[in-house]
Amino acid sequence: MLAYRVESAVDLALSMGRLAATGLVQPQSAWSRSLTAGQAMLRSLMGSAAIQPEKGDKRFRDPLWTSNPGYRALMQSYLAWSSGVAAWVGGLDAPARDKLRARVATDLVIDALAPTNALLTNPVAMKATLEQGGRNLVAGLQHFLRDMTANGGLPSMVDKSQFAVGGNLALTQGQVVYAEDHLELIQYSPHSSEVRSRPVFIVPPQINKFYIWDLAPGRSIVEALVAQGHQVFIVSWRNPTEAESQWTLASYVEALDRATAVACEITGAPDLNVVGACSGGITAALLAALWGARGVTRAGSLSLFVAILDVSGAQDTSMGLFASFETLELARMFSRSKGVLAGKDLERAFAWLRPNDLIWAYWVNNYLMGEAPPAFDILYWNADTTNLPAALHSDLLRLIETGGITAESGPTIGGHTLTLKHITCDTYLLGGETDHITPWDGCYLTRTGLGGPATFVLSQSGHVQSLINPPGNPKARFLTNDSAHATPDEFLAGAETRAGSWWPHWHAWLNARGGERIAAPKTLGSHSRRPLGDAPGTYVHDTVGEFIDDQSTAG
């Protein structure tokens, strides 16, 4: 991992060097952008500028930024300068990868220098300081010192003391019915006398804990599925240590193959409705493709949420930043481990890709305002990080670098070169309109390469908010398009906006593929797969002790 970190730092430095050299031989671009920005800043100081923050920029939403002439000029000058820098980088005649890396670096600087991040130039923080006699700064210093020692130098995003897995999170009743080195398999208890014959098998991301699927009651996908009468199984991945550094993408797919065989054995079903999200969606899709390549018909349907598989055309979409794997390269740079990419390093990498929302907003709240971070279940889950084995990390980088999984190519697992064409079952695809990690047009690309029919739905939310979208939110919206479309633009052109959560839409789709209703099982597991313990299991609590189980292979 140290080699990864050095390599990434060198790559970034070389890109910045090449961009600087390009700037020197193209001085007219810098001069033109500087002149434009300077004129805009001058108009700001004179009070005649009409510059406004972009929609969704929460930094300047306090009325003082517009009502006070001095603060308005400061805000507009900053926005003019930052726009000029971004335009200069975007306008240079340089390789796309160098410009993307430069954009990462310049955006970090631009965001860090925002006037909202400093006490004297933040009117809200100054007002709080005067009103409280500086008590907010004393509390902020205490928060800062605690974060430096206990949170890896990042501002805390959540009050962790308010949550406990198995206490007020992951409460749906179930039992662990299978375990092996990679995973535990949880089966949930039915809530009705009848269930659907085809089980639902959920594959969470390997880089997070599984309970994002089972948050508090009313916000749990698992709870909602059980209420719909589904037999639900979910994987809880083990949190790897250096001893598991050799675990590969193929080994994760093979572990899923064994676990799904167990689910089929327990239920007596020949196939499953497989569900995956983010990196778990990649693994779930590879599993379905492997079955297709082998001629195995275990996938009754496949649901993929906020998951990008095909990145071959990424540079032509808004997912260019993701597809250039700057996310994982940043994680490499932050990594201090040898055999695993530490979960905190991944958290830091993702945070610095969206610093205004995930770094500087909490900097202001925790340190300048002296406020405690919020108590929010999703933020707690996000901070409950897991490690990534070095081999899996390398496989994911290689997958992205080679174009991902397309209709024509993909990774080789079990002697089969897997492609999207191998997935012939019905597929449900979900993207998030404001998703910064897996932009929705990248999620859409999967649809064009699949070997079977696909339904695409666009939620008007971000990455995690798209997933945790229970009914009842009056602001929730999602888009569908039942007509013919082959591109993201065509999807939008004919899309119908629907009010509410997309969950009921998916439930209807899934219910139609759930099979006949049968009597619910009176006990979980089976004669040969006796339960090993209650949900949420042990792996979710980072238990990495010696593994003991005489049921570690699928029957």
Q: Please confirm whether the backbone N or O of G229 pairs with a side-chain atom of E194, one donor and one acceptor, at under 3.5 Å?
A: no
(Q) Using side-chain heavy atoms (C-beta onward) and a distance below 4.5 Å, is P199 in contact with V232? (A) no
**Q.** Nearest-0.5 Å distance, CG of residue L287 to CD of residue E254
**A.** 10.5 Å
Q: Using the six-membered ring wherever Trp is involved, compare the ring planes of Y428 and W506 and label them parallel, tilted or perpendicular (cut-offs 30° and 60°).
A: tilted
Q. Under 3.5 Å, is there a donor-acceptor pair between the Y178 and E180 side chains?
A. yes
Q) Can any side-chain N or O of T448 pair as donor or acceptor with the backbone N or O of L445 at less than 3.5 Å? A) yes
**Q.** Evaluation steps, side-chain contact (heavy atoms from CB on, under 4.5 Å), between L183 and R238
**A.** CA-CA 5 Å; L183 58 83; R238 190 175 193 174; over 6 Å; no
Q: Among F305, F456, W509, find the residue that satisfies the ring-ring contact (aromatic ring centres under 6.0 Å, His included) test when tested with W502.
A: F305
Q: Evaluate the side-chain contact (heavy atoms from CB on, under 4.5 Å) criterion for residues N382 and V464: first the C-alpha distance (whole Å), next the side-chain angles of each, then the deciding distance (0.1 Å), finally the verdict.
A: CA-CA 9 Å; N382 188 63; V464 179; 5.7 Å; no
Q | Pairwise side-chain hydrogen bond (donor to acceptor under 3.5 Å, both in side chains) hits with a residue in residues 512-527, at least two apart | A | D426-R513
Q) How far apart are the C-alpha atoms of L418 and I405, what are their side-chain angles, what is the distance that settles it, and do they pass the side-chain contact (heavy atoms from CB on, under 4.5 Å) test? A) CA-CA 8 Å; L418 307 181; I405 315 167; 5.5 Å; no
Q: Any side-chain hydrogen bond (donor to acceptor under 3.5 Å, both in side chains) involving residues 163-172? Give me the pairs, sequence neighbours left out, ordered by first then second residue.
A: T172-D214
Q: Could you tell me which residues satisfy ring-ring contact (aromatic ring centres under 6.0 Å, His included) with H463, sequence neighbours excluded, listed by chain and number?
A: none
Q.
Under a 3.5 Å threshold, yes or no: a donor from one side chain and an acceptor from the other, between D147 and S156?
A. yes
Q: Kindly indicate whether the side chain of I437, heavy atoms from C-beta on, has any atom under 4.5 Å from the side chain of D435.
A: yes
Q | For W503, ring-ring contact (aromatic ring centres under 6.0 Å, His included) partners two or more places apart | A | none
Q.
Using side-chain heavy atoms (C-beta onward) and a distance below 4.5 Å, is N365 in contact with H143?
A. no
Q: Mark yes or no for whether S236, through its side chain, and Y539, through its backbone, hold a donor-acceptor pair below 3.5 Å.
A: no
Q.
Is there a side-chain contact between Y188 and I234 in this structure, where contact means two heavy atoms from C-beta onward sitting under 4.5 Å apart?
A. yes
Q | Considering all heavy atoms, the nearest P373-V158 contact | A | CB-N, 3.6 Å
Q) Any side-chain heavy-atom pair from S245 and L388 closer than 4.5 angstrom? A) no
Q: Would you please name every residue forming a side chain to side chain contact (heavy atoms under 4.5 Å, CB included) with T487, sequence neighbours left out?
A: D489, E490
**Q.** Within-4.5 Å side-chain heavy-atom neighbours: I468 and I221
**A.** yes
Q: Please list all pairs passing the ring pair (Phe, Tyr, Trp, His ring centres under 6.0 Å) test where one or both residues lie in residues 263-292, with sequence neighbours left out.
A: none
Q.
Assess whether a salt bridge exists between R298 and D257, defined as any Lys/Arg side-chain N lying under 4.0 Å from an Asp/Glu carboxylate O.
A. yes
Q | Within residues 377-392 or reaching into it, pairs that qualify as salt bridge (charged side-chain N to carboxylate O under 4.0 Å, His left out) - sequence neighbours excluded | A | K209-D384, R219-D377
**Q.** Under 3.5 Å side-chain donor-acceptor pair for Q206 and T283
**A.** yes
(Q) Let me confirm one number: the SG-CD1 distance from C278 to I207, rounded to the nearest 0.5 Å. (A) 5.0 Å
Q) Could you give the distance from CD (E244) to CD (Q246), rounded to the nearest 0.5 Å? A) 7.0 Å
Q. Taking atom types as modelled and ignoring hydrogens, do the side chains of Q228 and N511 form a donor-acceptor contact shorter than 3.5 angstrom?
A. yes
**Q.** Residues forming a side chain to side chain donor-acceptor pair (under 3.5 Å) with E184, sequence neighbours excluded
**A.** T538
Q) Which atom pair, heavy atoms only, marks the closest approach of L510 to S301? A) CD1-OG, 4.2 Å
Q. Would you call the rings of W247 and H182 parallel, tilted or perpendicular if under 30° counts as parallel and over 60° as perpendicular?
A. parallel
Q: Give the C-alpha distance, both sets of side-chain angles, the deciding distance and a yes or no for side-chain contact (heavy atoms from CB on, under 4.5 Å) between V195 and I518.
A: CA-CA 5 Å; V195 294; I518 59 174; 3.8 Å; yes
Q | L458, T497, V457 screened by side-chain contact (heavy atoms from CB on, under 4.5 Å) with F478, the one that passes | A | V457
(Q) Restricting to non-hydrogen atoms, name the atom on G167 and the atom on L171 that form the minimum distance, rounded to 0.1 Å. (A) O-CD2, 3.4 Å
Q.
Looking at N151 and G153, would you say the former's side chain and the latter's main chain have a donor-acceptor pair under 3.5 Å?
A. no
Q. Is a donor on one side and an acceptor on the other found under 3.5 Å between the side chain of S220 and the backbone of A216?
A. no
Q. Where the side chain of Q231 meets the backbone of V200, is there a donor-acceptor pair that is under 3.5 Å apart?
A. no
Q. What pairs of residues pass the salt bridge (charged side-chain N to carboxylate O under 4.0 Å, His left out) test when at least one of them lies in residues 151-175, not counting sequence neighbours?
A. none
Q.
To the closest 0.5 Å, what do you measure between NZ (K421) and OG1 (T419)?
A. 8.0 Å
Q | Results of ring-ring contact (aromatic ring centres under 6.0 Å, His included) for Y380 - residues two or more places apart only | A | F163
(Q) Working to the nearest 0.5 angstrom, can you tell me the gap between T424 OG1 and L302 CG? (A) 10.5 Å
Q) Distance from H505 atom NE2 to T455 atom OG1, nearest 0.5 Å? A) 7.0 Å
(Q) Using modelled atom types and a 3.5 Å cut-off, is there a donor and acceptor pairing between side-chain atoms of Q187 and backbone atoms of G525? (A) yes
Q. Going by distance alone, is a donor N or O of one side chain under 3.5 Å from an acceptor N or O of the other, for N273 and H230?
A. no
Q: Give a yes or no answer on whether the side chain of T402 reaches the backbone of L399 with a donor-acceptor pair at less than 3.5 Å.
A: yes
(Q) If you define the side chain from C-beta out and look only at heavy atoms, does anything of V274 sit under 4.5 Å from I202? (A) no
Q. By side chain to side chain donor-acceptor pair (under 3.5 Å), which residues pair with S461, not counting sequence neighbours?
A. none
Q) Hey, does the side chain of N469 reach the backbone of S459 with a donor-acceptor pair shorter than 3.5 angstrom? A) no
Q.
Suppose we screen for ring-ring contact (aromatic ring centres under 6.0 Å, His included). Which residues come up paired with F210, at least two apart in sequence or across chains?
A. none
Q.
Do V235 and W213 make a side-chain contact, defined as non-hydrogen atoms from C-beta onward lying under 4.5 Å apart?
A. no
Q.
Parallel, tilted or perpendicular, judged at 30° and 60°: which one describes the rings of W440 and F491?
A. tilted
(Q) Quick one: does any side-chain atom of H485 pair with a main-chain N or O of N481 as donor and acceptor, under 3.5 Å? (A) yes
